[in-house]
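Here's the structure we're looking at; comments come further down.
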Amino acid sequence: MDTPVIHHGAMFDTNELVLNMGPQHPSTHGVLRVVLRLDGEKVVDADVVIGYLHRGIEKLSENRNWTQIILLTDRMDYVAAATNNVGYCETVEKLMSLEVPRRARYVRTILCELQRIASHCLWVGTHAMDIGAMTVFLYAFRERELILDLFEEMCGARLTYNSMRIGGLPLDIPPGWDKKVLEFCTIMATKIDEYEELLTHNRIWLERTKGIGVIDGPAAVALGLSGPPLRGSGVPRDVRKDEPYAAYDEMEFDVPIGTAGDTYDRYLVRLEEFRQSLRVIRQATEGIPEGPIVGKVPRLIKPPAGETYHAIESPKGELGYFIVSDGKSTNPYRFRVRPPSFCNLQGLRTLIKGHLVADVVALIGSLDVVLGEVDR
Amino acid sequence: MLSSYIPIAIFVAVATGFALFTLVFTSLIHPSKYNKVKLEPYECGIEPLSDARDRYSIRYYLVAMLFVIFDVETVFMFPWAVIFDKLLLFGLIEMLVFIFILVVGYYYAWQKGALEWV
Amino acid sequence: MADAPAHVPKAAAPTGPPDPPPPADVTAPAFIATLHAAVPGGVTHVSYWLGDWTLVVPAALILQVAQHLRDAADAAFDFCSDVTATDWPPRAEGRFDVVYCLYSTRHRHRVRLKVILGEQQPLASVTGVWPAAGWLEREVYDMFGVGFTGHPDRRRILMPEDWQGHPQRKDYPLEGPGELLLENPIEWLKLRQSREQADIE
Amino acid sequence: MIDTLVIPLLKIVIVLNATLVSVTYMVLLERKVIAWAQSRLGPMRVGPYGILQPVADAVKLMIKEDITPVRADRWVFTIAPIISMVPALIVYAVIPFGPEVKLFGRQVTLYITDINVGLLYIVSVASVGVYGIILAGYASNSKYPLLASLRASAQLISYEVAVTLTLVSVIMMAGSLSMVSIVRAQQSSHMWYAFVQPLAFLIFFIGGLAETNRAPFDLPEAEQELTGGFHTEYSGMRFALFFLAEYANMIVVSSVATTLFLGGWLRPFPNVAFLSFLDFIPSWTWFLVKSFVFLYIFIWVRATLPRYRYDQLMRLGWKVLIPLAIANLVVTGIIKVMLL
């Protein structure tokens, strides 16, 4: 294999080492493959190869009826399945111009935010693990477990919830569930400080994350980053605020943004999002209105012909659904997902150029990709 | 005097013997069902395309060279340190000159960027 | 394209979304008028449905329109949310709808561009305008076989490099091509034809 | 004959066995301590509270299939783990676990041998172990192990310089290279060297972490970046030898640190008659307790800290530790001249 020669000077020519990282690699978060061209330990260029988890969910959905698709969306971002459900149901509701009862919208808000915390828990754990701090991982998973318990009580499943129906919810919340959610908020609030204690002011952590993968706001927007990677670069863009869905228009919360646009700021943004999510959950759980949980949904779901794009803020970024209905059949004519991880991962190549091998894993972690969603 | 080294020789023999014994012993009892895929070098699930042995970055050699310089100089200090009590001021001044030369070289290497990794 | 032969669906296939024009009581946002002025003929049809604005753009002018929408002060669509396509095989004016979902982080508004494209017709890549489109266009190429010209890295993205056909097309066999198509496409074609023959008989 | 061959041989066998057992239990301890730090239980299945886990691990490693990759250099691939392990073990030859004791009517020294260049011996033997790692990476003929072994060699030699320089300060204090004399010198000077040479102690500890490839300096085997590092291609008993070497090295570093800086087998305040009731505890117990504290800190650090990046690690070694060690050396010399 002929590899290009790097010129340090005539005497010191060395070859680039082509290192294949993934798909079977401990820190590529599933089945990502990154082909690195290395000069020593420095990354000269990288090629990000995806598709190892491609299951054709978009194609499958064209042959399922509108309700059956909900459980397919679970399998995309499998650490925040309920968020995917909500996004899909809202898109179909928009397509059918359905009114969703206020109680259902509140429960959706709670579930979305619980998922955000669960997803960020998994992220903070694995990200710290990538950088070598192994304890945070188990701490974060301990709290994620509490959320999974809440979900189990809510809808019987722990990972793929299938927790939404078009027009509302399949079941009302179990009695006493709201109290448990509030209890969880109290516990979680102290645990976030625990993670911060281990990482935020740790010298090694700072050295490993500060100034790594810096991207400024306009460049991040142009690259199509969304969610915490974009906000870490100082762009105050959050679909929950800009185009409110569910019951976010009635909630009070802040959108944390970073300044430097490096890995550390993305970390800080997510940690602050933990706190904001708790704030939203508290408001929504305390103010949950009485009333029906499903709106007036026709027996046969068959949206009129037309197409629409609807986006929500998933824990990873802007999760958009582009759905085309032909108005005749009971399944969508075209079902397209705009997965936030896919678009964020696109930025990886730009971010890792010039950094070291060790930073590659830190940067994959800081983008927080879920390959189930990237490949669908 | 030399007799105090005999235990070391025995130890080397015993330790090597132990290592060899375990390797031979386990080679008799472990299963060996090999196939082509199992014997391939690890490349994250992709068939390795190129030989791993290639020309590496010059940095590693630079570090090795710096190490040789420093370590040899440090070894010179061992006997000096042992009889430091007897040499005292003479020994100190002599060693300060020696260390000064070392530090000048070190400073040069620093300024030349030999200690920078990236 | 070494594709499966055009397969005519049994029921009369739909020929595209209705894309209704805006009703009288909805005023179009200002950037549409500016776009009309800046790129003459850049928009052939304006549609408004469920609160979304859709502009149908001729394939030849997509780069100019994209450039204008990104740079014009009243549009400022700096964020390319999504690039995707829809396949309408029986449609006369071209089987593909290539859809661009744009968003402005300054004005916080959205618009969709739509390009109607024939099977072999190339389309200029917008990666120069929005780098975000890079992978999204690769996916459209992978799934629909839309050839983007000027794309810096035109490879398949989700399917393997040596995959035959474009799976999201409506005439792509639902059972998948199977191993045979990958190994020996000609044999596969023969097998498929003989099976269709058997169906007719 | 008995004194030169049989007794050393007996002692060697005892030390070897003790090392092997403590290495296996070290692994269990590490898993348990880290588990407690992470609010979980650790191994609990094999034996009560998992205390038989090391036995199960050893048996598993022995009956595990041993794979040599096709492109590897067969002989070097087999020799590398031996080169890595033997030096880690033979260092114990000069480590004093205690002074002379009377056993079965015989004066027996609680060390295998006491050579007058003991410290030099440790430094030189310990650096041989690096060859095992380099050869392992090279012989595997696979990219990850190769990268890891290059990293490992550069890292180990960088920290070697700083560690050796701190040893020179200790030798200046003790005036001897023999491990036993260094302990006795600490007794006669009424002071553990950790208090006289705190900076050297700190540099030695950090260097020790780096030289044993422990977190936060565990880059040669950073599983998140280089999958398993230099032993990626190893399995079965050859992997077990590397594993053994790593933990034996940890114990070596703890023992050397105890001997040089914490007064070896001496009890706390060895010259204070008031505390002489502590003498009923055998001297080697003090040695083991002190070494254990080090081992515990090794594990504790691993559970707490993230990993350094490679360039940061090299910077710390070359630009911080080496200047500090040189300064410490010069200051020690000047103060000594002024005091005498």
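Small disclaimer: the values here were computed from a predicted structure and weren't measured. Reminder, nothing fancy here: chain letters follow the sequence lines and each chain counts from 1.
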Exercise. Of the backbone (N, CA, C, O) and the side chain (C-beta and beyond), which part of C/Val99 lies under 4.5 Å from a heavy atom of chain A, both, or neither?
Worked result: side chain
For this session: Only counting residues at least two apart or in another chain, list the ones meeting ring-ring contact (aromatic ring centres under 6.0 Å, His included) with A/Phe342.
Result: C/Trp135
Exercise. Should we say atom CD of A/Glu252 is surrounded by more than 12 heavy atoms from elsewhere, each under 6.0 Å from it?
Worked result: no
For this session: Quick one: pull up CG in C/Leu158 and CZ in A/Arg55 and give me the separation to the nearest 0.5 Å.
Result: 11.0 Å
For this session: With a 4.5 angstrom heavy-atom cut-off, could you sort out which part of A/Asp47 is near chain C: side chain, backbone, both or neither?
Result: side chain
For this session: Pick one of side chain, backbone, both or neither for C/Arg155, based on which atoms fall under 4.5 Å of a heavy atom in chain A.
Result: side chain
Problem set entry | Contacts of residues 55-66 of chain C with chain A (heavy atom under 4.5 Å) | none
Problem set entry | Greater than 12 external heavy atoms within 6.0 Å of A/Gln68's CD | yes
Exercise. Picking from A/Lys59, A/Glu62, A/His54, A/His310, which has the most non-hydrogen pairs under 4.5 angstrom with chain C?
Worked result: A/Lys59
For this session: Anything in residues 369-376 of chain A with a heavy-atom distance to chain C below 4.5 Å? Please list those residues in order.
Result: A/Val374, A/Asp375, A/Arg376
Problem set entry | Which atoms of A/Leu53 approach chain C - backbone, side chain, both or neither, heavy atom under 4.5 Å | neither
Problem set entry | Min side-chain heavy-atom separation C/Gln168-A/Arg334 under 4.5 Å | yes
Exercise. Is it the backbone or the side chain of C/Arg110 that comes under 4.5 Å from a heavy atom of chain A, or both, or neither?
Worked result: side chain
Problem set entry | Side-chain donor-acceptor contact under 3.5 Å, C/Thr84 with A/Arg338 | no
For this session: Name the member of C/Ala85, C/Cys80, C/Ser47, C/Pro131 that forms the most heavy-atom pairs with chain A at distances under 4.5 Å.
Result: C/Pro131
Exercise. So, do C/Glu139 and A/Arg336 sit near enough that their side-chain heavy atoms are less than 4.5 Å apart?
Worked result: yes
Problem set entry | pair C/Lys170-A/Tyr333: side-chain heavy atoms closer than 4.5 Å | yes
Problem set entry | A/Glu243 vs C/Arg108, salt bridge (charged side-chain N to carboxylate O under 4.0 Å, His left out): CA-CA, chis, key distance, verdict | CA-CA 8 Å; A/Glu243 303 155 271; C/Arg108 310 203 181 286; over 6 Å; no
Problem set entry | Part of A/Val324 within contact of chain C (heavy atom distance under 4.5 Å) | side chain
Exercise. Just wondering, do A/Glu58 and C/Met143 contact through their side chains at under 4.5 Å, heavy atoms?
Worked result: no
Exercise. When you check the gap from the basic side-chain N to the acidic O, do A/Lys94 and C/Asp52 get nearer than 4.0 Å?
Worked result: yes
For this session: Verify the distance criterion only: is there a donor paired with an acceptor across the side chains of C/Ser81 and A/Glu318 at less than 3.5 Å?
Result: yes
Exercise. Would A/Arg349 and C/Asp153 pass as an ion pair if we require N to O under 4.0 Å?
Worked result: no
Exercise. With a distance cut-off below 6.0 Å to the six-membered ring centre and an angular limit of 45° from the axis, does A/Arg237 pair with C/Tyr103 as a cation-pi contact?
Worked result: yes
For this session: Measure A/Leu60 against the heavy atoms of chain C and call it side chain, backbone, both or neither at under 4.5 Å.
Result: neither
Problem set entry | Side chain / backbone / both / neither for A/Val48 at chain C, heavy atoms under 4.5 Å | both
Exercise. Side-chain contact, heavy-atom cut-off 4.5 Å: C/Asp82 with A/Tyr321?
Worked result: no
I'd like a table of donor-acceptor pairs (distance under 3.5 Å, sequence neighbours excluded) in which one partner is a side-chain atom from residues 24-34 of chain C, with atom names and distances.
unit_1	atom_1	unit_2	atom_2	d
C/Thr34	OG1	C/Ala30	O	2.9
C/Thr34	OG1	C/Asp74	OD2	2.5

For this session: Could you tell me whether the side chain of A/Pro304 reaches within less than 4.5 Å of the side chain of C/Trp49, counting heavy atoms only?
Result: yes
Exercise. With distance as the sole test, does A/Gln346 use its side chain to make a donor-acceptor pair with the main-chain N or O of C/Ala132 at under 3.5 Å?
Worked result: yes
For this session: Would you check if A/Pro218 and C/Asp78 make a side-chain contact, meaning some heavy-atom pair closer than 4.5 Å?
Result: no
Problem set entry | A/Tyr309 portion near chain C, given a 4.5 angstrom heavy-atom threshold | both
Exercise. Tell me, side chain or backbone of C/Asp87 under 4.5 Å from chain A's heavy atoms, or both, or neither?
Worked result: backbone
